[in-house]
Protein chains: 2
Amino acid sequence: MRTALEPSPTKEKLLDAAQRLMLAKGFVATTVDDICEAAEVTKGSFFHYFESKDQLGREVLKRFCASGEKIHRALCGSETDPLKRVYAYIDNTIKMSKDPSMSKGCLLGLFSQELCDTNPQIRAACKKGFDDWAKGFGQEVAKAKAAYASRAQFNPQELAEHLIAVMEGSMILGKVRHDRLIVGKNLTHFKAYVKSLFERA
Amino acid sequence: MRTALEPSPTKEKLLDAAQRLMLAKGFVATTVDDICEAAEVTKGSFFHYFESKDQLGREVLKRFCASGEKIHRALCGSETDPLKRVYAYIDNTIKMSKDPSMSKGCLLGLFSQELCDTNPQIRAACKKGFDDWAKGFGQEVAKAKAAYASRAQFNPQELAEHLIAVMEGSMILGKVRHDRLIVGKNLTHFKAYVKSLFERA
DNA sequence: ATAGTTATACCAACTGGTAGGTATAATAGT
DNA sequence: ACTATTATACCTACCAGTTGGTATAACTAT
């Protein structure tokens with residue numbers, strides 16, 4: 001038996017497959033059978049690890065957000081200057097957006113569209129996911145503002161939400177167009193906007 | 001009997017109901033029975049007007065894009081100055097975004113996420129929808145650039161795609177948060193960015 | 001005009017297949 | 001032997017789509 005600390009490889013395979021399939025086809029269109037086949041696992045195992053498809057959805061989303069947070073924490077790099085940290089955050093996000101593995105879409109945006117009106121738990125998780133993301137980047141912006149543009153009247157939190165909107169929206173465009181560069185282009189515009197806010201001050 | 005020119009009220013009821021339900025729950029989770037019940041029509045009638053659920057999806061999307069185009073054409077108002085037209089476009093979009101009826105989400109973004117990987121026809125329609133949208137606003141920006149910022153190096157088309165990304169992304173945020181103002185806030189940032197591009201020139 | 005014909009609009013009941021989920025047996029690790 | 005895990009067979013509900021039919025409006029020939 002494995003200990004509770006190291007996660008079951010079967011469960012991981014199921015979560016991986018579920019995430020991959022759901023990013024492509026959405027939650028509803030992805031069947032439990034699909035997931036089991038992709039993970040090379042039988043249904044018995046599936047329902048041994050997850051009490052329902054809904055619960056799997058919640059776990060996949062949770063895992064997605066957790067890995068996102070880990071990334072965000074590393075995004076500013078080792079910069080100490082708060083404004084440079086903000087720029088580094090955007091630059092590194094641009095770099096990441098060009099990686100094929102990162103350009104499969106965002107489970108937060110997808111689940112928000114598909115499940116918010118029918119599944120309150122998923123909606124709460126999406127809300128929290130976005131809030132944490134906005135808070136993370138928003139705090140960096142707030143520090144930069146305090147240091148370099150304290151009298152400017154833009155709202156750091158709003159700016160962070162603006163970044164999220166740009167990301168989510170351009171990922172959708174990237175998906176339809178099969179264009180892995182558009183997220184970067186849009187983030188470049190976002191960076192130029194942020195610059196204009198700080199240079200003006 | 002009705003003539004072929006005036007659309008059947010039953011078919012309209014079905015399309016209305018389908019659009020409403022799909023904006024809330026997505027395409028896959030919306031069943032034909034749901035639609036029929038909401039439209040107060042029986043299934044027999046449904047399949048009299050639509051050969052499949054897929055075809056209904058295409059028609060709903062087509063109608064959604066058509067009504068969108070109509071709106072976009074009116075968005076600049078009666079302005080003649082090209083730059084003022086651009087600002088009017090954004091301002092009017094902000095106004096519209098506050099209307100509850102317009103804040104139900106965007107079928108283009110939704111179908112893109114749910115159906116692009118499985119349904120080539122829908123994907124093509126989504127692509128076209130976004131392309132036309134970007135082209136429409138992009139041309140306005142191009143005219144304004146030619147008149148006021150011909151030497152600036154931003155790309156009008158890219159800027160139009162940036163607007164779309166901001167819209168789509170903030171509509172998702174609005175949906176999770178039940179916040180009808182966030183689209184307006186984000187568009188205000190977008191307008192400020194556009195301004196910064198033109199004022200610098 | 002009107003009877004006969006046809007096309008359109010609509011409906012209730014049904015079908016085949018598939019979805020999520022369960023029951024239970026087999027296996028393997030300790 | 002005991003427990004965690006995996007496998008198989010199955011159940012029930014519900015899905016898209018069909019069937020076979022009725023009602024009504026529109027056209028046509030006389």
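Keep in mind that what you see is a predicted model, and the values were worked out from it rather than measured. So that the names make sense, note that chain A is the first sequence line, chain B the second, and so on, each numbered from 1.
- In this structure, CZ of A:Phe46 is placed 15 Å from P of D:dA7, rounded to the nearest angstrom.
- In this structure, A:Arg123 contributes its side chain and B:Val176 its backbone to a donor-acceptor pair below 3.5 Å.
- Atom CD of B:Glu40 and atom P of C:dC11 are 11 Å apart (whole Å).
- Rounded to whole Å, the distance from CZ on B:Phe47 to P on D:dG20 is 17 Å.
- In terms of phosphate contacts, B:Ser45 brings a side-chain nitrogen or oxygen within less than 4.0 Å of OP1 or OP2 of C:dC11.
- The CG atom of A:Leu14 sits 14 Å away from the P atom of C:dG21 (whole-angstrom rounding).
- Residues A:His189 and B:Tyr193 place their aromatic rings such that the two centres sit under 6.0 Å apart.
- Phosphate proximity of D:dA4 to A:Tyr49: absent, as no side-chain N or O sits under 4.0 Å from OP1 or OP2.
- With rounding to whole Å, B:Lys11 atom NZ is found 13 Å from C:dA9 atom C1'.
- Taking atom NZ of A:Lys43 as the reference point, atom C1' of D:dT5 lies 18 Å away to the nearest angstrom.
- A donor and an acceptor atom, one from each side chain of B:Asp99 and B:Ser101, are located under 3.5 Å apart.
- The main-chain N or O of B:Thr31 is found under 3.5 Å from a side-chain atom of B:Asp34 such that the two form a donor-acceptor pair.
- Taking only side-chain nitrogens and oxygens, A:Thr10 comes nearer than 4.0 Å to OP1 or OP2 of D:dT6.
- You'll find the ring centres of A:Phe154 and A:Phe198 inside the 6.0 Å limit.
- Taking side-chain N and O atoms only, B:His48 has a distance below 4.0 Å to OP1 or OP2 of C:dA9.
- Atom CD in A:Gln55 sits about 12 Å away from atom P in C:dT22, given to the nearest Å.
- Salt-bridge check for A:Glu79 with A:Lys84: failed, with every basic side-chain N at 4.0 Å or more from each acidic carboxylate O.
- Remark: B:Thr30, B:Thr31, B:Val32, B:Asp33 in residues 20-35 of chain B come within less than 4.0 Å of DNA chain D through at least one heavy atom.
- Note on B:Glu161 versus A:Arg177: salt bridge recorded, some NZ/NE/NH1/NH2 to OD/OE distance being below 4.0 Å.
- For A:Lys53 against C:dG21, a side-chain-to-base donor-acceptor contact under 3.5 Å is absent.
- One interatomic measurement links the two molecules: CD of A:Glu37 to P of C:dT18, which rounds to 13 Å at whole-angstrom precision.
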